[in-house]
Amino acid sequence: MSGKSRYWLVKTEPTSYSIDDLARDHKTYWDGVRNYQARNTMRDDMSVGDKVLFYHSNANPPGIAGLAVVTGPPIADHTAFDPEHKHFDPKSRHDRPTWMMIELGFVQKFDRFISLDELREVSGLDDMVLLQKGSRLSVQPVTEAQFHRILEIASTIMSESLTYQTFPLNSSAKPALIS
DNA sequence: GCCAACGTTGGC
DNA sequence: GCCAACGTTGGC
């Protein structure tokens, strides 16, 4: 096992595929990525078990909606082979696929999403790829420290939401650590 | 809808 | 290899 990041962030427009869709499907192929750097990340660096922040872009507000996990290794993105498909790419051939995808499994939907504004405000996340000017990568690395900082924020959010309930706090209601 | 910041394409 | 034109991303 290499020393590369085991934490990632993926972007998706919720109108096309949201955290609720992933919760419903339990897992999904992360197809349609048509950027070489993102492709390389999926092909070369992601492995089953890696932890993933699930980000809603072009949303109101944009932000991290929950957690996912890599459940399937990189394989050819079959949508590139289908001339009828929106993401068809004639360059990609079965014997030498241009585009790859991994499979993602649902872990958790946050009670309240962590908005982009909030991510910019809190400490410890200044270096996140997501927050860099002009950053548009749809699959990007996250450091272990950044990942745990975000779980910390999510955990605070989860306990805040519990204070509105009338029954006793249930300690198991915190975000589950995936390991 | 606007538009900044990229990434890709293709003529040369 | 250069770079202008074009297409896309994604916040606002």
Side-chain angles (χ1 to χ4, degrees), chain A residues 4-5 7-25 28-46 50-70 74-104 106-143 146-147 149-154 156-157:
Chain A
K4 302 217 173 181
S5 170
Y7 305 92
W8 312 98
L9 179 146
V10 299
K11 293 180 186 173
T12 174
E13 303 200 12
T15 52
S16 93
Y17 198 86
S18 71
I19 189 78
D20 290 324
D21 294 324
L22 185 60
R24 177 199 63 213
D25 298 342
T28 191
Y29 286 128
W30 208 245
D31 58 61
V33 174
R34 295 294 179 269
N35 170 280
Y36 286 102
Q37 199 176 341
R39 187 278 312 267
N40 293 349
T41 296
M42 289 195 294
R43 185 192 60 194
D44 304 335
D45 300 328
M46 292 176 93
D50 286 0
K51 297 148 192 172
V52 177
L53 301 169
F54 197 91
Y55 180 86
H56 282 180
S57 62
N58 258 324
N60 247 321
I64 298 172
L67 302 176
V69 60
V70 178
I75 55 175
D77 181 342
H78 52 78
T79 66
F81 302 138
D82 177 5
E84 304 300 310
H85 200 281
K86 184 186 172 195
H87 297 302
F88 173 63
D89 184 348
K91 287 195 307 293
S92 192
R93 297 154 39 112
H94 282 86
D95 57 337
R96 207 173 179 285
T98 305
W99 303 112
M100 307 291 287
M101 63 186 184
I102 46 96
E103 186 189 64
L104 285 183
F106 177 74
V107 173
Q108 174 179 85
K109 177 186 176 180
F110 292 156
D111 282 357
R112 179 167 67 77
F113 296 174
I114 308 175
S115 73
L116 184 59
D117 283 346
E118 192 170 354
L119 290 168
R120 291 192 196 286
E121 280 166 20
V122 298
S123 62
L125 298 177
D126 297 353
D127 293 336
M128 270 192 88
V129 174
L130 180 75
L131 303 182
Q132 304 314 302
K133 184 179 166 71
S135 170
R136 321 187 307 189
L137 261 185
S138 65
V139 178
Q140 55 180 251
V142 172
T143 68
Q146 290 160 355
F147 185 85
R149 182 77 180 102
I150 284 161
L151 278 198
E152 209 171 73
I153 297 162
T156 306
I157 290 169

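Reminder, nothing fancy here: chain letters follow the sequence lines and each chain counts from 1. Predicted model, so just to flag it, every value in this text is computed and none were measured.
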Practice item. Any chance you could lay out the salt bridge (Lys or Arg N to Asp or Glu O under 4.0 Å) test for A:Asp21 and A:Arg24, step after step, and finish with the verdict? Key: CA-CA 5 Å; A:Asp21 294 324; A:Arg24 177 199 63 213; 3.1 Å; yes
**Study point:** Criterion salt bridge (Lys or Arg N to Asp or Glu O under 4.0 Å) on A:Asp77 and A:Arg34, from CA distance to verdict
**Key:** CA-CA 10 Å; A:Asp77 181 342; A:Arg34 295 294 179 269; 2.9 Å; yes
Check your understanding: Would you call the rings of A:Phe81 and A:His94 parallel, tilted or perpendicular if under 30° counts as parallel and over 60° as perpendicular?
Key -> parallel
Point to revise | Nearest-nucleotide comparison on DNA chain B, the residue closer to the 5′ end among A:Tyr36 and A:Lys133 | key: A:Lys133
Study note, to complete from the structure: Min and max contacting nt of DNA chain B in 5' to 3' order, chain A heavy atoms within under 4.0 angstrom, are B:dA5 to B:dT9
Review point. Checking ring pair (Phe, Tyr, Trp, His ring centres under 6.0 Å) for the pair A:Trp30/A:Phe54: CA distance, chi angles, key distance, verdict?
Key: CA-CA 12 Å; A:Trp30 208 245; A:Phe54 197 91; 5.6 Å; yes
Review point. Among all residues two or more places apart in sequence or in another chain, which pass the salt bridge (Lys or Arg N to Asp or Glu O under 4.0 Å) test with A:Asp25?
Key: none
Check your understanding: So which one's nearest nucleotide on DNA chain B is more toward 5', A:Asn58 or A:Arg136?
Key -> A:Asn58
